[in-house]
Amino acid sequence: MIPVRCFTCGKVISTAWDEFKHRRESGEDPAKILDDLGLRRYCCRRMLLTHKEIVDDLNPYQ
Amino acid sequence: MEIIFGRLDNNNARFTLTETRTAFANAFRRAMISEVPTLAIDQVRIYDNTSVLFDEMLAHRLGLIPLRTDLTTYVPAGECSCGGAGCTHCTATYTLSVEGPRMVFSRDLIPQDPTTAPCHDEIPIIKLSENQKVVLEARATVNTGKEHAKWQPTIACGYKNYPEITFSENCDGCGMCVEECPRGILTVKEGKAQVVAEKQEECLLCRLCEEACMAGGIGSEPSIRIKGDETRKIFVVEGDESLPVQEIIERALMHLRQKSEDLHTIVSQLSGVT
(Lines give C-alpha, C1' and ligand atoms only; values in the text may rest on other atoms or scores of the structure.)
Protein backbone atom coordinates (compact mmCIF):
# COMPACT_ATOMS: atom_id res chain seq x y z
CA MET A 1 0.00 0.00 0.00
CA ILE A 2 1.17 3.54 -0.73
CA PRO A 3 2.31 5.19 2.54
CA VAL A 4 -0.33 7.59 3.93
CA ARG A 5 2.12 10.49 4.28
CA CYS A 6 5.46 11.56 2.89
CA PHE A 7 8.21 10.04 5.06
CA THR A 8 10.15 13.29 5.23
CA CYS A 9 7.71 16.20 5.43
CA GLY A 10 4.47 14.48 6.43
CA LYS A 11 2.28 15.74 3.61
CA VAL A 12 -0.62 13.39 2.82
CA ILE A 13 0.41 11.94 -0.56
CA SER A 14 -1.63 8.72 -0.65
CA THR A 15 -4.67 10.59 -2.02
CA ALA A 16 -2.68 11.36 -5.18
CA TRP A 17 -1.60 7.78 -5.86
CA ASP A 18 -4.61 6.60 -7.83
CA GLU A 19 -4.54 9.49 -10.28
CA PHE A 20 -0.76 9.30 -10.58
CA LYS A 21 -0.88 5.59 -11.35
CA HIS A 22 -3.56 5.90 -14.00
CA ARG A 23 -1.97 8.85 -15.73
CA ARG A 24 1.47 7.27 -15.74
CA GLU A 25 0.05 4.08 -17.22
CA SER A 26 -1.54 6.13 -19.97
CA GLY A 27 1.94 7.33 -20.88
CA GLU A 28 2.09 10.83 -19.42
CA ASP A 29 5.35 12.35 -18.19
CA PRO A 30 5.59 11.69 -14.42
CA ALA A 31 7.14 15.13 -13.80
CA LYS A 32 4.10 16.84 -15.27
CA ILE A 33 1.63 14.67 -13.32
CA LEU A 34 3.43 15.46 -10.06
CA ASP A 35 3.36 19.18 -10.84
CA ASP A 36 -0.38 18.97 -11.55
CA LEU A 37 -0.95 17.11 -8.28
CA GLY A 38 0.74 19.93 -6.38
CA LEU A 39 3.70 17.90 -5.15
CA ARG A 40 6.46 20.48 -5.25
CA ARG A 41 9.03 19.09 -2.85
CA TYR A 42 11.30 16.29 -4.00
CA CYS A 43 10.62 14.31 -0.81
CA CYS A 44 6.93 14.00 -1.74
CA ARG A 45 7.69 13.39 -5.43
CA ARG A 46 9.94 10.41 -4.71
CA MET A 47 7.18 8.83 -2.59
CA LEU A 48 5.04 8.33 -5.69
CA LEU A 49 7.85 7.86 -8.21
CA THR A 50 9.49 5.02 -6.29
CA HIS A 51 6.41 3.21 -5.02
CA LYS A 52 5.70 -0.38 -6.03
CA GLU A 53 2.27 -1.74 -5.18
CA ILE A 54 2.46 -5.36 -3.95
CA VAL A 55 -0.90 -5.84 -2.19
CA ASP A 56 -2.31 -7.82 -5.13
CA ASP A 57 0.79 -10.04 -5.23
CA LEU A 58 0.45 -10.84 -1.53
CA ASN A 59 -3.28 -11.58 -1.57
CA PRO A 60 -3.10 -15.24 -2.77
CA TYR A 61 -0.86 -16.13 0.20
CA GLN A 62 -3.25 -14.99 2.91
CA MET B 1 8.62 43.01 15.96
CA GLU B 2 6.14 42.85 13.11
CA ILE B 3 4.55 40.11 11.02
CA ILE B 4 3.98 40.91 7.35
CA PHE B 5 1.90 38.27 5.60
CA GLY B 6 2.72 37.49 1.98
CA ARG B 7 0.14 34.73 1.84
CA LEU B 8 -2.39 33.31 4.26
CA ASP B 9 -5.05 30.74 3.49
CA ASN B 10 -6.41 27.74 5.33
CA ASN B 11 -3.36 25.54 4.73
CA ASN B 12 -0.47 27.76 3.79
CA ALA B 13 1.13 30.83 5.23
CA ARG B 14 4.16 32.81 4.15
CA PHE B 15 5.20 35.77 6.23
CA THR B 16 8.16 37.94 7.16
CA LEU B 17 9.04 38.48 10.78
CA THR B 18 10.97 41.71 11.27
CA GLU B 19 13.22 42.97 14.09
CA THR B 20 13.65 39.49 15.48
CA ARG B 21 16.50 37.14 16.30
CA THR B 22 17.32 33.58 15.28
CA ALA B 23 16.66 32.33 18.83
CA PHE B 24 13.11 33.63 18.82
CA ALA B 25 12.42 32.52 15.23
CA ASN B 26 13.57 29.01 16.06
CA ALA B 27 11.55 28.86 19.28
CA PHE B 28 8.51 29.95 17.27
CA ARG B 29 9.14 27.31 14.62
CA ARG B 30 9.54 24.58 17.22
CA ALA B 31 6.40 25.69 19.05
CA MET B 32 4.37 25.45 15.85
CA ILE B 33 5.67 21.95 15.11
CA SER B 34 5.65 20.32 18.51
CA GLU B 35 3.54 22.33 20.96
CA VAL B 36 0.25 22.89 19.16
CA PRO B 37 -2.08 19.95 19.89
CA THR B 38 -4.22 18.08 17.36
CA LEU B 39 -6.30 14.92 17.24
CA ALA B 40 -4.83 11.65 15.96
CA ILE B 41 -5.87 8.03 16.32
CA ASP B 42 -4.03 6.56 19.23
CA GLN B 43 -5.75 3.31 20.21
CA VAL B 44 -7.32 0.76 17.90
CA ARG B 45 -9.40 -2.19 18.98
CA ILE B 46 -9.38 -4.72 16.17
CA TYR B 47 -12.30 -7.16 16.10
CA ASP B 48 -11.54 -8.68 12.75
CA ASN B 49 -8.66 -8.25 10.33
CA THR B 50 -8.19 -10.78 7.55
CA SER B 51 -6.46 -8.29 5.23
CA VAL B 52 -2.84 -8.60 4.06
CA LEU B 53 -1.70 -5.98 6.59
CA PHE B 54 -0.77 -6.85 10.16
CA ASP B 55 -2.89 -5.25 12.90
CA GLU B 56 0.03 -2.99 13.84
CA MET B 57 0.48 -1.74 10.27
CA LEU B 58 -3.24 -1.05 10.02
CA ALA B 59 -3.22 0.89 13.30
CA HIS B 60 -0.16 2.83 12.15
CA ARG B 61 -1.84 3.84 8.90
CA LEU B 62 -4.95 4.93 10.80
CA GLY B 63 -2.82 7.02 13.15
CA LEU B 64 -1.36 9.00 10.25
CA ILE B 65 -4.75 10.19 8.96
CA PRO B 66 -5.16 13.90 9.77
CA LEU B 67 -8.41 14.57 11.65
CA ARG B 68 -10.34 17.84 11.86
CA THR B 69 -9.68 19.27 15.29
CA ASP B 70 -11.74 21.78 17.21
CA LEU B 71 -9.59 22.73 20.17
CA THR B 72 -12.46 24.58 21.84
CA THR B 73 -14.28 21.26 22.41
CA TYR B 74 -11.34 18.85 22.71
CA VAL B 75 -8.57 19.11 25.30
CA PRO B 76 -5.43 17.00 25.86
CA ALA B 77 -6.14 13.96 28.07
CA GLY B 78 -3.77 15.19 30.76
CA GLU B 79 -5.74 18.44 31.18
CA CYS B 80 -9.21 16.84 30.98
CA SER B 81 -11.57 16.78 33.95
CA CYS B 82 -11.89 12.99 33.56
CA GLY B 83 -8.24 12.70 34.59
CA GLY B 84 -7.15 10.97 31.39
CA ALA B 85 -9.62 8.09 31.63
CA GLY B 86 -11.11 9.04 28.25
CA CYS B 87 -14.35 11.00 27.97
CA THR B 88 -16.07 12.92 25.16
CA HIS B 89 -13.94 16.03 25.88
CA CYS B 90 -10.60 14.38 25.27
CA THR B 91 -11.38 11.36 23.09
CA ALA B 92 -13.04 10.97 19.70
CA THR B 93 -14.21 7.51 18.69
CA TYR B 94 -14.55 6.00 15.24
CA THR B 95 -15.82 2.74 13.84
CA LEU B 96 -14.80 1.00 10.65
CA SER B 97 -16.42 -2.07 9.20
CA VAL B 98 -15.70 -3.07 5.62
CA GLU B 99 -15.95 -6.35 3.71
CA GLY B 100 -14.02 -7.03 0.49
CA PRO B 101 -13.54 -6.93 -2.36
CA ARG B 102 -12.90 -3.20 -2.33
CA MET B 103 -10.52 -0.50 -1.16
CA VAL B 104 -11.00 0.81 2.37
CA PHE B 105 -10.80 4.61 2.37
CA SER B 106 -10.54 7.11 5.20
CA ARG B 107 -14.20 8.05 4.56
CA ASP B 108 -15.16 4.54 5.78
CA LEU B 109 -13.97 5.62 9.21
CA ILE B 110 -17.26 6.69 10.79
CA PRO B 111 -16.77 9.29 13.53
CA GLN B 112 -19.11 9.42 16.51
CA ASP B 113 -18.73 13.20 16.49
CA PRO B 114 -18.98 14.42 12.84
CA THR B 115 -16.81 17.49 13.60
CA THR B 116 -13.81 15.17 14.02
CA ALA B 117 -14.08 13.53 10.58
CA PRO B 118 -10.86 12.82 8.64
CA CYS B 119 -9.63 15.85 6.64
CA HIS B 120 -9.35 13.80 3.44
CA ASP B 121 -11.97 11.28 2.30
CA GLU B 122 -9.79 9.52 -0.25
CA ILE B 123 -6.86 8.21 1.79
CA PRO B 124 -6.49 4.51 0.90
CA ILE B 125 -6.07 2.42 4.05
CA ILE B 126 -6.06 -1.15 2.77
CA LYS B 127 -7.17 -2.99 -0.33
CA LEU B 128 -9.40 -5.94 0.51
CA SER B 129 -9.99 -8.85 -1.85
CA GLU B 130 -12.72 -11.49 -1.80
CA ASN B 131 -13.57 -12.82 1.70
CA GLN B 132 -11.32 -10.33 3.48
CA LYS B 133 -12.75 -8.18 6.22
CA VAL B 134 -11.74 -5.39 8.59
CA VAL B 135 -13.82 -4.50 11.64
CA LEU B 136 -12.37 -2.14 14.21
CA GLU B 137 -12.98 0.64 16.67
CA ALA B 138 -10.52 3.52 16.98
CA ARG B 139 -9.96 6.20 19.62
CA ALA B 140 -8.33 9.50 18.81
CA THR B 141 -6.81 11.68 21.52
CA VAL B 142 -5.46 15.21 21.59
CA ASN B 143 -1.70 15.41 21.99
CA THR B 144 1.32 17.30 20.66
CA GLY B 145 4.05 16.63 18.12
CA LYS B 146 6.45 16.24 21.04
CA GLU B 147 4.87 12.86 21.78
CA HIS B 148 4.68 11.55 18.22
CA ALA B 149 4.93 13.11 14.74
CA LYS B 150 1.34 12.11 13.95
CA TRP B 151 0.15 14.91 16.27
CA GLN B 152 2.08 17.59 14.39
CA PRO B 153 -0.31 20.13 12.88
CA THR B 154 2.33 21.37 10.43
CA ILE B 155 3.98 19.75 7.42
CA ALA B 156 6.67 22.02 6.04
CA CYS B 157 7.43 24.65 8.65
CA GLY B 158 10.63 26.63 8.48
CA TYR B 159 12.32 29.97 8.08
CA LYS B 160 15.28 31.57 6.36
CA ASN B 161 17.14 34.83 6.74
CA TYR B 162 15.91 37.64 4.54
CA PRO B 163 18.14 37.67 1.44
CA GLU B 164 20.01 40.85 0.64
CA ILE B 165 21.54 40.91 -2.82
CA THR B 166 24.02 43.61 -3.73
CA PHE B 167 25.98 44.25 -6.90
CA SER B 168 29.28 46.09 -7.03
CA GLU B 169 30.48 48.50 -9.69
CA ASN B 170 32.63 45.76 -11.27
CA CYS B 171 29.65 43.90 -12.75
CA ASP B 172 30.11 43.64 -16.50
CA GLY B 173 26.73 42.00 -17.16
CA CYS B 174 28.22 38.71 -18.39
CA GLY B 175 25.11 36.81 -17.27
CA MET B 176 26.95 33.92 -15.58
CA CYS B 177 24.99 34.42 -12.35
CA VAL B 178 21.70 34.54 -14.27
CA GLU B 179 22.39 31.13 -15.77
CA GLU B 180 23.49 29.65 -12.47
CA CYS B 181 20.57 30.81 -10.28
CA PRO B 182 18.28 27.80 -9.66
CA ARG B 183 15.34 30.07 -8.86
CA GLY B 184 15.79 32.36 -11.83
CA ILE B 185 15.68 35.55 -9.79
CA LEU B 186 18.47 37.35 -11.64
CA THR B 187 18.49 39.14 -14.98
CA VAL B 188 20.80 41.39 -16.97
CA LYS B 189 19.53 44.82 -17.88
CA GLU B 190 21.52 47.61 -19.47
CA GLY B 191 24.79 45.72 -19.08
CA LYS B 192 24.35 45.11 -15.34
CA ALA B 193 23.00 42.14 -13.44
CA GLN B 194 19.99 42.83 -11.21
CA VAL B 195 17.22 41.09 -9.30
CA VAL B 196 13.94 40.42 -11.11
CA ALA B 197 11.20 42.57 -9.59
CA GLU B 198 9.54 41.02 -6.50
CA LYS B 199 11.61 37.85 -6.70
CA GLN B 200 14.18 38.77 -4.07
CA GLU B 201 12.40 36.72 -1.37
CA GLU B 202 12.73 33.59 -3.47
CA CYS B 203 16.53 33.63 -3.16
CA LEU B 204 17.75 30.38 -1.54
CA LEU B 205 20.97 31.95 -0.20
CA CYS B 206 22.80 29.14 -2.02
CA ARG B 207 25.48 31.53 -3.31
CA LEU B 208 25.91 29.69 -6.59
CA CYS B 209 25.80 33.09 -8.27
CA GLU B 210 28.81 34.27 -6.24
CA GLU B 211 30.80 31.27 -7.38
CA ALA B 212 29.73 31.72 -10.99
CA CYS B 213 30.77 35.34 -10.82
CA MET B 214 34.24 34.44 -9.67
CA ALA B 215 34.50 31.87 -12.44
CA GLY B 216 33.81 34.69 -14.84
CA GLY B 217 37.28 36.01 -14.15
CA ILE B 218 36.44 39.47 -12.89
CA GLY B 219 38.88 39.00 -10.04
CA SER B 220 39.00 37.24 -6.70
CA GLU B 221 36.03 39.25 -5.41
CA PRO B 222 32.65 38.44 -6.93
CA SER B 223 30.68 41.47 -7.94
CA ILE B 224 27.44 39.93 -6.66
CA ARG B 225 27.09 39.51 -2.91
CA ILE B 226 24.42 37.48 -1.10
CA LYS B 227 23.84 38.11 2.57
CA GLY B 228 21.12 36.84 4.89
CA ASP B 229 19.67 39.44 7.23
CA GLU B 230 19.49 37.69 10.62
CA THR B 231 17.03 40.19 12.04
CA ARG B 232 14.42 39.47 9.37
CA LYS B 233 13.08 35.97 8.79
CA ILE B 234 10.89 34.61 6.04
CA PHE B 235 8.62 31.88 7.41
CA VAL B 236 6.78 29.23 5.44
CA VAL B 237 4.12 27.27 7.31
CA GLU B 238 2.10 24.50 5.72
CA GLY B 239 -0.66 22.83 7.73
CA ASP B 240 -1.99 19.27 7.41
CA GLU B 241 -5.60 20.58 7.42
CA SER B 242 -6.35 19.37 10.95
CA LEU B 243 -6.13 23.00 12.12
CA PRO B 244 -6.21 26.25 10.12
CA VAL B 245 -2.70 27.68 9.77
CA GLN B 246 -3.75 30.92 11.44
CA GLU B 247 -4.78 29.00 14.55
CA ILE B 248 -1.46 27.11 14.56
CA ILE B 249 0.43 30.42 14.48
CA GLU B 250 -1.72 31.99 17.21
CA ARG B 251 -1.53 28.98 19.49
CA ALA B 252 2.24 28.68 19.06
CA LEU B 253 2.66 32.34 20.04
CA MET B 254 0.32 31.90 23.02
CA HIS B 255 2.39 28.90 24.09
CA LEU B 256 5.61 30.94 23.92
CA ARG B 257 4.06 33.74 25.95
CA GLN B 258 2.83 31.27 28.57
CA LYS B 259 6.28 29.68 28.79
CA SER B 260 8.06 33.00 29.29
CA GLU B 261 5.48 34.10 31.88
CA ASP B 262 5.97 30.83 33.77
CA LEU B 263 9.73 31.34 33.70
CA HIS B 264 9.30 34.88 34.95
CA THR B 265 7.12 33.70 37.85
CA ILE B 266 9.59 30.99 38.86
CA VAL B 267 12.60 33.31 38.70
CA SER B 268 10.71 35.95 40.73
CA GLN B 269 9.82 33.35 43.38
CA LEU B 270 13.41 32.12 43.58
CA SER B 271 14.89 35.57 43.92
CA GLY B 272 12.18 36.63 46.38
CA VAL B 273 10.95 39.49 44.20
CA THR B 274 7.20 39.65 43.86
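A note on names: the letters A, B, ... follow the listed sequences, proteins ahead of strands, and every chain is numbered from 1.
- Contact record, B:His120 with A:Thr15: CB-CG2, 4.0 Å, taken as the closest heavy-atom pair.
- More than 12 heavy-atom neighbours from other residues, nucleotides or ligands sit within 6.0 angstrom of CZ on B:Arg14.
- Of the two parts of A:Ile2, the backbone and the side chain both hold a non-hydrogen atom closer than 4.5 Å to a non-hydrogen atom of chain B.
- Atom CZ of B:Arg102 sits in a crowded spot, with more than 12 heavy atoms from other residues, nucleotides or ligands closer than 6.0 Å.
- Contact of A:Asp56 with chain B is made through the side chain alone, with heavy-atom distances under 4.5 Å.
- We find the CG-NZ distance between B:Asn11 and A:Lys11 to be 8.0 Å, quoted to the nearest 0.5 Å.
- When the shell of 6.0 Å around CZ of B:Phe5 is examined, it contains more than 12 heavy atoms from other residues, nucleotides or ligands.
- Within the 4.5 angstrom heavy-atom criterion, only backbone atoms of B:Ile125 (N, CA, C, O) approach chain A.
- Contact detail for B:Ile65 and A:Arg5: the closest heavy-atom pair is C-NH2, 4.2 Å.
- Heavy-atom neighbours of A:His51 NE2 from other residues, nucleotides or ligands within 6.0 Å: above the threshold of 12.
- Within 6.0 Å of CZ on B:Arg107 lie more than 12 heavy atoms contributed by other residues, nucleotides or ligands.
- Counting non-hydrogen atoms of other residues, nucleotides and ligands closer than 6.0 Å to CD of B:Glu137 gives a total above 12.
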Pair B:Glu241-A:Val12, side-chain contact (heavy atoms from CB on, under 4.5 Å): steps then yes or no: CA-CA 10 Å; B:Glu241 299 188 29; A:Val12 175; over 6 Å; no
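- In this structure, B:Glu122 CD and A:Asp18 CG are separated by 8.5 Å, a value rounded to the nearest 0.5 Å.
- Summarising the geometry, atom CD1 belonging to B:Ile155 is positioned 6.0 Å from atom SG belonging to A:Cys9; distances are rounded to the nearest 0.5 Å.
- The neighbour count for B:Phe24 CZ, taken as heavy atoms of other residues, nucleotides or ligands under 6.0 Å away, is above 12.
- With a 4.5 Å cut-off on non-hydrogen atoms, B:Glu130 does not touch chain A at all.
- Proximity to chain A (any heavy atom under 4.5 Å) is restricted, for B:Met103, to the side chain, taken from C-beta onward.
- Nearest heavy-atom pair across B:Arg61 and A:Pro3 is NH1-CA, 3.9 Å.
- Other residues, nucleotides and ligands place no more than 12 heavy atoms under 6.0 Å from the CD atom of B:Gln112.
- A distance of 9.5 Å separates CE in B:Met57 from CE in A:Met1, rounded to the nearest 0.5 Å.
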